Amino acid sequence: RMCRLQRGIDKATKQGIDIDVGCLYEMQDGTRGALQAFGELFGSYDSAPFIHLSGDERTGDKKGDDEGIHVNGQKWADIKRLVVYIYIYSGTGNWEDIKPKITIQIPGERPLTITPAIKKTDLPVCAVAAIENDNGAIKFTNYGEYFPGHPEMDRAYGFGLSWDDGEK
């Protein structure tokens with residue numbers, strides 16, 4: 001594994017709030033998409049996009065990783081960029097009360113835990129960070145930007161995806 005991203009949200013589930021992790025991705029060939037539990041877009045570790053969302057943990061009671069995104073390091077050359085985000089799927093949530101954390105683990109490096117700055121407590125989508133392929137190296141950018149929805153976040157980072165209403 002090249003990279004493991006996992007969310008850590010303890011208070012949210014106690015308050016009846018479902019917070020999910022996801023990512024926008026772009027491949028070197030220009031293919032773009034999203035991985036998230038909403039819409040059951042879990043990706044694949046062994047085939048394109050070589051990124052896999054571990055599942056949808058709605059209770060927070062599971063032992064071990066909560067929700068994780070795993071990137072296949074053997075296929076890093078095929079990946080151009082990722083934007084990792086978290087979003088409130090259900091329940092009325094205030095980010096200030098939830099205080100989400102995302103842990104990024106790159107083999108050979110110390111785990112990096114990100115707690116996004118709370119800027120807009122009423123916006124349900126938070127773009128946490130970008131991970132880009134910079135000539136084979138990993139370039140990391142901390143965002144912590146909040147949006148009213150997925151389409152607005154998508155436009156801000158130039159992915160150009162089509163977003164439909166759905167349910168998980």
Side-chain angles (χ1 to χ4, degrees), residues 1-10 12-13 18-89 98-117 125-147 150 153-163 168:
R1 277 187 195 138
M2 186 206 81
C3 183
R4 184 180 78 220
L5 306 114
Q6 64 191 57
R7 68 164 194 166
I9 301 162
D10 297 324
T13 52
D18 184 7
I19 308 276
D20 290 329
V21 64
C23 77
L24 302 176
Y25 65 84
E26 182 176 6
M27 307 301 287
Q28 294 290 357
D29 69 4
T31 302
R32 296 175 181 172
L35 300 183
Q36 60 182 28
F38 187 73
E40 298 184 2
L41 302 169
F42 294 105
S44 175
Y45 187 80
D46 296 316
S47 60
F50 308 108
I51 307 161
H52 182 255
L53 175 61
S54 65
D56 182 18
E57 174 55 35
R58 296 182 189 188
T59 66
D61 295 336
K62 188 174 98 173
K63 293 198 185 289
D65 292 352
D66 198 349
E67 290 180 12
I69 297 173
H70 304 276
V71 179
N72 185 335
Q74 299 295 318
K75 297 295 186 173
W76 180 240
D78 295 332
I79 300 169
K80 183 174 182 178
R81 65 179 175 143
L82 308 173
V83 172
V84 178
Y85 59 89
I86 52 177
Y87 60 102
I88 300 172
Y89 174 73
I98 299 167
K99 294 183 177 46
K101 295 178 187 169
I102 300 291
T103 301
I104 298 176
Q105 175 65 60
I106 299 168
E109 304 282 332
R110 288 187 5 212
L112 173 64
T113 299
I114 301 167
T115 302
V125 178
C126 176
V128 176
I131 302 171
E132 299 172 83
N133 185 332
D134 186 10
N135 293 316
I138 297 170
K139 178 182 175 186
F140 176 84
T141 306
N142 191 353
Y143 287 147
E145 296 294 329
Y146 292 80
F147 300 92
H150 293 78
M153 175 185 61
D154 178 333
R155 280 192 296 276
Y157 299 110
F159 280 82
L161 303 178
S162 295
W163 295 89
K168 59 178 179 175

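Computed from a predicted structure; not experimentally measured.
Contact of the Gln36 side chain with the Asp20 side chain is not registered, since no non-hydrogen atoms from C-beta on lie closer than 4.5 Å. No side-chain heavy atom of Gln28 sits under 4.5 Å from any side-chain heavy atom of Ile79. In this structure the side chain of Val84 reaches within 4.5 angstrom of the side chain of Val21, judged on heavy atoms. The closest side-chain heavy-atom distance from Phe159 to His150 is not below 4.5 Å. Using a 4.5 Å heavy-atom threshold, the side chains of Met153 and Tyr143 count as separate.
In this structure, the side chain of Trp76 does not engage the main chain of Asn133 through any donor-acceptor pair within 3.5 Å. Side chain of Asp154 to main chain of Leu161: a donor-acceptor pair is present (N/O by atom type, distance under 3.5 Å, no hydrogens or angles).
Residues that satisfy the salt bridge (Lys or Arg N to Asp or Glu O under 4.0 Å) test with Lys80, not counting sequence neighbours, are Glu26. Applying the side chain to side chain donor-acceptor pair (under 3.5 Å) rule to Tyr25 yields no partners; only residues at least two apart in sequence or on another chain are considered.
The structure places OH of Tyr157 at 13.5 Å from CG of Leu82, a figure rounded to the nearest 0.5 Å. For the atom pair CD1 of Ile51 and NZ of Lys75, the computed distance is 13.0 Å after rounding to the nearest 0.5 Å.
Closest of all the heavy-atom pairs between Ala127 and Val83 is CB-CG1, 4.2 Å.
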